[in-house]
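Residue numbers run from 1 in the order of the sequence given.
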Amino acid sequence: MNYEQKVKKEAVRWSRSLDKRSALLQRTSKPFQQRINNRIPGRIHKLMTESVRSMIEAALTTSEYVRPVAVEDWTWEERERKVKELLKQYKRTAALEGAGTGAGGIWLGLADFPLLLSIQMKFLFDAAQVCGMNIHSYENRVYLMHVFMLAYSSDEVRKQTKEKVMNWKDVPIEEKIVDWKTLQREYRDTLDIVKLLQIVPGIGAVVGFVANGRLLEQLGETALQSFRLRFL
């Protein structure tokens with residue numbers, strides 16, 4: 001069995017694991033999370049929502065995340081090695097950024113939200129280019145937004161998103177759109193409690209360091225497995 005056959009089998013197993021329900025703690029924390037959300041001032045909700053929306057629009061319509069990568073002759077194994085190197089770099093950047101903003105109190109803690117999202121988007125686009133994707137294509141950018149949502153979504157939304165990501169070439173063109181409201185809600189639900197803990201004096205720096213690193217790891221796993229299934 002060669003490398004490509006091996007990792008494709010791993011990707012198929014990963015895709016099946018997406019059908020499993022989330023852990024009990026994660027499912028039962030939703031009501032608590034809603035109570036927490038109700039206590040967050042409206043201006044903070046607005047800041048977080050607009051941050052997600054602006055990042056999504058930038059990712060879809062600008063060249064901000066496009067970097068020239070000459071990888072035409074790389075094997076898939078070489079591409080994956082480079083993606084993992086990128087993930088390590090971006091994880092460190094995100095972790096240090098989370099620690100720094102977490103140590104700075106509530107306003108710097110809130111500033112972490114758009115900064116982290118920018119780091120995640122840059123990693124996702126860099127990884128896609130390394131794997132051979134033409135990210136000048138609007139359709140491929142929409143695909144990447146679905147990969148992003150797959151990484152940070154609840155059970156119900158994850159099932160719907162998985163079907164699109166795994167069968168992208170068969171998805172009707174009129175359905176290849178970004179539901180940014182769902183995307184930002186799912187992403188925010190993933191981050192809300194963590195980001196609240198990050199602005200707590202004394203523990204914010206530690207929470208920010210650990211959480212941001214894990215969030216990048218989660219995105220990296222989802223992206224690489226999705227690319228394997230699409231290109232192999």
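Between Glu10 and Arg228, at least one side-chain N (NZ, or NE/NH1/NH2) sits under 4.0 Å from a carboxylate O, which counts as a salt bridge. Here Glu57 pairs with Arg53 in a salt bridge; the nearest charged N to carboxylate O distance falls below 4.0 Å.
Contact record, Ile135 with Ala128: CG2-CB, 4.0 Å, taken as the closest heavy-atom pair. Contact between Leu60 and Tyr138 at its shortest, heavy atoms only, is O-CD1, 3.4 Å. Here the closest heavy-atom approach between residue Ala127 and residue Leu86 is recorded as N-CD1, 4.3 Å. The heavy-atom pair separating Ala59 from Met121 by the smallest distance is CB-SD, 4.2 Å. Listed here is the closest heavy atom pair of Val12 and Ser15: O-OG, 2.6 Å. When every heavy atom of Gln120 is checked against every heavy atom of Leu219, the shortest pair comes out as O-CD2, 3.5 Å.
Side-chain atoms of Ile173 and Glu139, non-hydrogen and from C-beta on, do get closer than 4.5 Å to each other. Met1 places a side-chain heavy atom less than 4.5 Å from the side chain of Lys9. The side-chain heavy atoms of Trp74 and Cys131, taken from C-beta on, include no pair separated by under 4.5 Å. Looking at heavy atoms from C-beta onward, Val157 lies in side-chain contact with Thr182 at the 4.5 angstrom threshold. Side-chain contact between Val7 and Trp76 is present, with at least one heavy-atom pair separated by less than 4.5 Å. Side-chain contact check for Phe231 versus Met133: some heavy-atom pair is nearer than 4.5 Å. Residues Leu18 and Met166 meet the side-chain proximity criterion, which asks for heavy atoms closer than 4.5 Å.
Atom CH2 of residue Trp180 and atom OG of residue Ser54 lie 10.0 Å apart, to the nearest 0.5 angstrom. Taking OG1 of Thr93 as the start and CG of Leu115 as the end, the distance is 11.5 Å to the nearest 0.5 Å. In this structure, CD in Gln89 is found 9.0 Å from CG in Asp126, a value given to the nearest 0.5 Å. If you take CG on Asn212 and CD on Glu217, they are separated by 13.0 Å, rounding to the nearest 0.5 Å. Residue Arg141 holds its CZ atom at 11.5 Å from CG of Leu124, rounded to the nearest 0.5 Å. With values rounded to the nearest 0.5 angstrom, Arg79 atom CZ is found 15.0 Å from Lys84 atom NZ.
Here Asp19 pairs with Lys162 under the side-chain hydrogen bond (donor to acceptor under 3.5 Å, both in side chains) rule; sequence neighbours left out. When the side-chain hydrogen bond (donor to acceptor under 3.5 Å, both in side chains) test is applied to Arg230, the partners found at least two apart in sequence or on another chain are Asn140. Residues that satisfy the side-chain hydrogen bond (donor to acceptor under 3.5 Å, both in side chains) test with Glu163, not counting sequence neighbours, are absent from this structure. In terms of the side-chain hydrogen bond (donor to acceptor under 3.5 Å, both in side chains) criterion, residue partners of Tyr3 (sequence neighbours excluded) are, by chain and number, Glu80. Residues meeting the ring pair (Phe, Tyr, Trp, His ring centres under 6.0 Å) test with Phe148, sequence neighbours left out: Tyr152, Tyr187. Listed by chain and number, the residues in a ring pair (Phe, Tyr, Trp, His ring centres under 6.0 Å) with Trp168 are Tyr143, His146 (sequence neighbours excluded).
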Exercise. Test Thr161 against Glu186 for side-chain contact (heavy atoms from CB on, under 4.5 Å), laying out the working first.
Key: CA-CA 12 Å; Thr161 309; Glu186 293 295 312; over 6 Å; no
Quiz item: Hey, mind stepping through Trp14 and Glu221 against side-chain contact (heavy atoms from CB on, under 4.5 Å) and telling me if it holds?
Solution: CA-CA 9 Å; Trp14 169 83; Glu221 172 75 2; 3.7 Å; yes
Quiz item: Can Ile56 and Leu183 be said to form a side-chain contact (heavy atoms from CB on, under 4.5 Å), step by step?
Solution: CA-CA 9 Å; Ile56 293 171; Leu183 194 159; 3.6 Å; yes
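Looking only at distances, no side-chain donor or acceptor of Asn167 sits under 3.5 Å from a matching main-chain atom of Asp170. In terms of modelled atom types and a separation under 3.5 Å, the side chain of Lys91 and the main chain of Leu216 share no donor-acceptor contact. With Lys164 contributing its side chain and Glu175 its backbone, the two residues share a donor-acceptor pair below 3.5 Å. In this structure a side-chain-to-backbone donor-acceptor pair under 3.5 Å is present from Gln218 to Ala151.
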